[in-house]
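As structure tokens, the structure follows; a few thoughts come after it.
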Amino acid sequence: MVPTVTISPPAERCSRASEVHPKGTSADSEAENKALQDLYRKLFPDTRATGDTAAAAADTKGMFVTLHSYSDMVLFPWGFDGDTESGNDAALRAMGKEMARLAGGWRYGRPGEVLYDASGGHDDWAYDRLGVPSFTWEIGPSSGACGGFHPAYSCQNTFWERVRPMLTYAAGKAGGPYAGGTSSAG
């Protein structure tokens, strides 16, 4: 028998029994999150002091990008509160603006500025704990054949053409994202 799953995004409706929005016993208690966080710690040395407004060091290396659908947006920390600027907000905003331009004019900003506050994402975690510039790319339009959460597979080439210059830019910045790394994207 296939279980019936009701999608209920609000956090107060999440539970440990949910197959769609499982909730662990505490923050970062899920095995999958722990494994990913261990990987991130191996990839990115911590360069940021604690506190919402603390900036990461200028010699930070790396770039963290998570891909989602949909809305054609480039999002960066902080996701938990659209009114709170990170210590590297100006640099993150400049990189986000360039990525959005390379994608063909996407919107960019902190989630609460352009979409809605969204706490608990890996991008906020990676920036908060490690200082690495972190972005969520919301790929695809909100409507049409290539829109929504589950676009047709035939849309993948269209998405690739938009995302490829963004990936090239991110790779070019990874050597010194807060110190003016280079980009080979146009």
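Quick note: residue numbers are just sequence positions, from 1. Computation of the quantities below employed the complete heavy-atom set of this structure, encompassing side-chain atoms and omitting hydrogens, waters and symmetry-equivalent molecules.
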(Q) I want to check something: taking the side chain as every heavy atom from C-beta on, are N88 and Y127 in contact at a cut-off of under 4.5 Å? (A) yes
(Q) Can you give me the closest heavy-atom contact between A54 and A49, atom names plus distance? (A) CB-O, 3.5 Å
Q. Quick one: are V74 and M166 in side-chain contact, heavy atoms under 4.5 Å?
A. yes
Q | From CA spacing to verdict: side chain to side chain contact (heavy atoms under 4.5 Å, CB included), F76, M95 | A | CA-CA 9 Å; F76 51 85; M95 288 183 267; over 6 Å; no
Q.
Between E161 and T158 (side chain of the first, backbone of the second, donor and acceptor by atom type, cut-off under 3.5 Å), is there such a pair?
A. no
(Q) Using 0.5 Å steps for rounding, measure from the OG atom of S119 to the CG atom of D81. (A) 10.0 Å
Q. Taking all atoms of both residues into account, what is the closest heavy-atom pair of C155 and A145, and its distance?
A. SG-O, 3.8 Å
(Q) As an exercise, state the distance from CG of L102 to CD of E98, rounded to the nearest 0.5 Å. (A) 4.5 Å
Q) Nearest heavy-atom pair of A55 and G87: which atoms, and what distance? A) CB-O, 3.4 Å
(Q) Is there a side-chain contact between W78 and P111 in this structure, where contact means two heavy atoms from C-beta onward sitting under 4.5 Å apart? (A) no
Q. Under the 3.5 angstrom rule, does the side chain of D124 hit a backbone N or O of A126 as a donor-acceptor pair?
A. no
Q) Aromatic ring centroids of F135 and F64 under 6.0 Å? A) no
Q. If every non-hydrogen atom of C146 is compared with every non-hydrogen atom of P141, which pair is closest and at what distance?
A. O-CD, 3.3 Å
Q.
Could you measure the distance from the CZ atom of F44 to the OG atom of S134? Nearest 0.5 Å is fine.
A. 7.5 Å
Q: Return yes if some donor-acceptor pair links the side-chain N/O of T60 with the main-chain N/O of A56 below 3.5 Å, else return no.
A: no
Q: Kindly indicate whether the side chain of H122, heavy atoms from C-beta on, has any atom under 4.5 Å from the side chain of N33.
A: yes
Q | Hydrophobic cluster membership, V114 vs F80, 4.5 Å side-chain cutoff | A | no
Q: Might you point out which heavy atoms bring F159 and P151 nearest each other, and give the distance in Å?
A: CE1-CG, 3.6 Å
Q: Would you check if R110 and L75 make a side-chain contact, meaning some heavy-atom pair closer than 4.5 Å?
A: no
**Q.** Side-chain heavy-atom pair S69, I139 within 4.5 angstrom cut-off
**A.** no
**Q.** Qualifying residues under salt bridge (Lys or Arg N to Asp or Glu O under 4.0 Å), relative to D38, sequence neighbours excluded
**A.** R41
Q.
Any side-chain to backbone donor/acceptor pair from R48 onto G51? Under 3.5 Å, distance only.
A. yes
Q) Would a 4.5 Å heavy-atom cut-off, applied to side chains only, mark W137 and M73 as touching? A) no
Q.
Assigning hydrophobic clusters by single linkage (Ile, Leu, Val, Met, Phe, Trp, Tyr; side-chain heavy-atom cutoff under 4.5 Å), is M63 placed with L43?
A. no
(Q) Please find the pair of heavy atoms, one from S86 and one from P77, that lie closest to each other, and give the distance. (A) OG-O, 4.2 Å
Q.
Nearest 0.5 angstrom please: T50 OG1 to R129 CZ, how far?
A. 10.5 Å
Q: Consider only side-chain N and O atoms of T136 and D123, and report whether a donor and an acceptor are under 3.5 Å apart.
A: yes
Q: Check step by step if side chain to side chain contact (heavy atoms under 4.5 Å, CB included) holds for W106 and R162.
A: CA-CA 10 Å; W106 288 5; R162 288 181 158 198; 3.2 Å; yes
Q.
Hydrophobic clusters here meaning ILVMFWY residues chained together by side-chain heavy-atom distances under 4.5 Å, can you tell me if L39 and W125 are in one?
A. yes
Q) Run the side chain to side chain contact (heavy atoms under 4.5 Å, CB included) check on Y108 and M99 step by step: do they pass? A) CA-CA 9 Å; Y108 65 95; M99 291 174 194; over 6 Å; no
Q: First locate atom CG of D52, then atom CG of D128, and finally report the distance between them rounded to the nearest 0.5 Å.
A: 7.0 Å
Q. Going by heavy atoms in the side chains, are D72 and E138 under 4.5 Å from each other?
A. no
Q: Could you state whether L92 and L115 fall into the same hydrophobic cluster, counting links through intermediate Ile, Leu, Val, Met, Phe, Trp or Tyr residues with side-chain heavy atoms under 4.5 angstrom apart?
A: no
